[in-house]
Amino acid sequence: PSGVTIANSGTATGFGGGTTKKRHHFTNSTRITPTAATDTDIFTWTAAFTPDDPVNNDMIIDWIVPMDTSGHYWGEYGISFVNNSTTTRYTYFYRGYTGSYDGSTLQASHGQRFNLAANTLPAGTYTVYYRNGGPASGISDQFMINTTDNADVGGQTVAELLITEWKNS
């Protein structure tokens, strides 16, 4: 919930405390077969992301996308914020990057979790994209997989994006 405080217990370093200011949550459960293209937006998380106070609040960016890799198990996936007024693009690849791959079923997931420092994004409203930054040959075959891709998948999978605005106390 908004307003949760995280405090340093004194036993760890790097936790100066802080307060959650706002959480923004987006999902995508539409199975996508992308067009193989270099440096392209795969899908839109939202066309109306408006940070509460990006000049003063840090943001923890946390997303994960399920996919069927069919041999394309490594891609240059990331998140891209495009300012709706200026069309300036802020794209992040390889920051806090995570990935998993099951070679027998070709199921995988890619994600990121990283801190975006305050005053990195100017105030405004953004369209947020899931983006491929690599070659067309590396793009996965499907995103948000379901039983069409593999009978072992129990149903429609869902991509999740959580952006947590926070500020040191």
Side-chain angles (χ1 to χ4, degrees), residues 1-8 12-32 34-67 72 74-100 108-136 138-140 142-145 157-169:
S2 181
V4 171
T5 300
I6 303 167
N8 183 353
T13 59
F15 297 101
T19 303
T20 297
K21 297 297 183 178
K22 188 171 185 179
R23 290 191 175 133
H24 311 265
H25 182 239
F26 308 99
T27 62
N28 187 323
S29 60
T30 302
R31 182 180 179 272
I32 294 173
T35 301
T38 301
D39 200 28
T40 189
D41 298 322
I42 297 171
F43 67 82
T44 303
W45 287 104
T46 180
F49 169 59
T50 305
D52 221 25
D53 186 2
V55 174
N56 295 302
N57 295 339
D58 283 27
M59 287 184 260
I60 297 172
I61 312 298
D62 192 359
W63 62 261
I64 191 160
V65 174
M67 60 189 65
H72 306 286
W74 182 257
E76 295 179 30
Y77 301 113
I79 191 166
S80 192
F81 299 85
V82 177
N83 187 296
N84 291 350
S85 297
T86 66
T87 66
T88 303
R89 183 180 286 268
Y90 304 85
T91 301
Y92 303 94
F93 296 112
Y94 304 118
R95 290 187 60 185
Y97 190 78
T98 62
S100 65
S109 64
H110 287 172
Q112 284 180 297
R113 184 179 178 111
F114 65 94
N115 188 71
L116 195 59
N119 210 27
T120 300
L121 293 180
T125 300
Y126 293 84
T127 299
V128 183
Y129 297 100
Y130 177 63
R131 188 163 179 82
N132 173 40
I139 200 165
S140 292
Q142 284 86 29
F143 298 90
M144 286 69 72
I145 58 176
T157 60
V158 179
E160 302 263 351
L161 168 61
L162 179 64
I163 301 173
T164 304
E165 288 187 67
W166 69 281
K167 185 173 183 160
N168 276 332
S169 302

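Heavy atoms only: backbone and side chains are in, while hydrogens, waters and symmetry mates are out. Every value quoted in this text rests on a predicted model; they were computed, and no experiment measured them.
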Exercise. Under the salt bridge (Lys or Arg N to Asp or Glu O under 4.0 Å) test, which residues partner Arg95, sequence neighbours left out?
Worked result: none

Exercise. Hey, does Asn28 have a side-chain heavy atom less than 4.5 Å from the side chain of Met144?
Worked result: yes

Problem set entry | Side chains of Ile163 and Arg23 in contact at under 4.5 Å (non-hydrogen atoms) | no

Exercise. Donor-acceptor pair, Thr20 side chain versus Lys22 backbone, under 3.5 Å?
Worked result: no

For this session: Please confirm whether the backbone N or O of Ile145 pairs with a side-chain atom of Thr157, one donor and one acceptor, at under 3.5 Å?
Result: yes

For this session: For the pair Trp45 and Tyr130, name the ring-plane relationship: parallel under 30°, tilted 30 to 60°, perpendicular over 60°.
Result: perpendicular

Exercise. With side chains defined as the heavy atoms from C-beta onward, is the minimum distance between Thr27 and Glu160 less than 4.5 Å?
Worked result: yes

Exercise. Do Met59 and Leu121 come close enough that some side-chain heavy atom pair is under 4.5 Å?
Worked result: yes

For this session: Measure across Ser140 and Pro34 and return the closest heavy-atom pair with its distance rounded to 0.1 Å.
Result: O-CG, 3.4 Å

Exercise. Angle class for the Phe49/Tyr126 ring planes (parallel below 30°, perpendicular above 60°, tilted otherwise)?
Worked result: tilted

Exercise. Are Ile79 and Val128 side-chain neighbours, meaning at least one heavy-atom pair lies under 4.5 Å?
Worked result: yes

Problem set entry | Residue pair Trp166, Ile60: steps toward the side-chain contact (heavy atoms from CB on, under 4.5 Å) verdict | CA-CA 8 Å; Trp166 69 281; Ile60 297 172; 3.7 Å; yes

Exercise. Tell me, do His24 and Glu165 make a side-chain contact under 4.5 Å, heavy atoms counted?
Worked result: yes

Problem set entry | salt bridge (Lys or Arg N to Asp or Glu O under 4.0 Å) partners for Asp53, two or more places apart | none

Problem set entry | Sequence neighbours excluded - salt bridge (Lys or Arg N to Asp or Glu O under 4.0 Å) pairs with any residue from residues 108-134 | Asp39-Arg131, Asp41-Arg131, Asp62-Arg113

Problem set entry | Thr91: partners by side chain to side chain donor-acceptor pair (under 3.5 Å), with sequence neighbours left out | Ser80

Exercise. Where is the tightest heavy-atom contact between Ala47 and Thr44, given as atom of each residue plus distance?
Worked result: N-CG2, 4.1 Å

Problem set entry | By salt bridge (Lys or Arg N to Asp or Glu O under 4.0 Å) - contacts of Asp58 (at least two apart) | none

Exercise. Would Tyr129 and Phe43 count as a ring-ring contact (aromatic ring centres under 6.0 Å, His included) if you check the C-alpha gap in whole Å, the side-chain angles of each, and the deciding distance to 0.1 Å?
Worked result: CA-CA 6 Å; Tyr129 297 100; Phe43 67 82; 9.3 Å; no

For this session: Could you verify whether a donor N or O on one side chain and an acceptor N or O on the other, from Thr125 and Thr50, lie under 3.5 Å apart?
Result: yes

Problem set entry | Heavy-atom side-chain proximity of Arg31 to Gln142 below 4.5 angstrom | yes

For this session: Measure the shortest side-chain to side-chain distance between Thr127 and Phe81 over non-hydrogen atoms and say whether it is less than 4.5 angstrom.
Result: no

Problem set entry | Residue list, side chain to side chain contact (heavy atoms under 4.5 Å, CB included) with Asn119, at least two apart or on another chain | Val55

For this session: Measure centre to centre between the rings of Phe143 and Tyr77, then say whether the value is under 6.0 Å.
Result: yes

Problem set entry | Minimum-distance pair of heavy atoms, taken over all atoms of Ile64 and Pro66 | O-CD, 4.1 Å

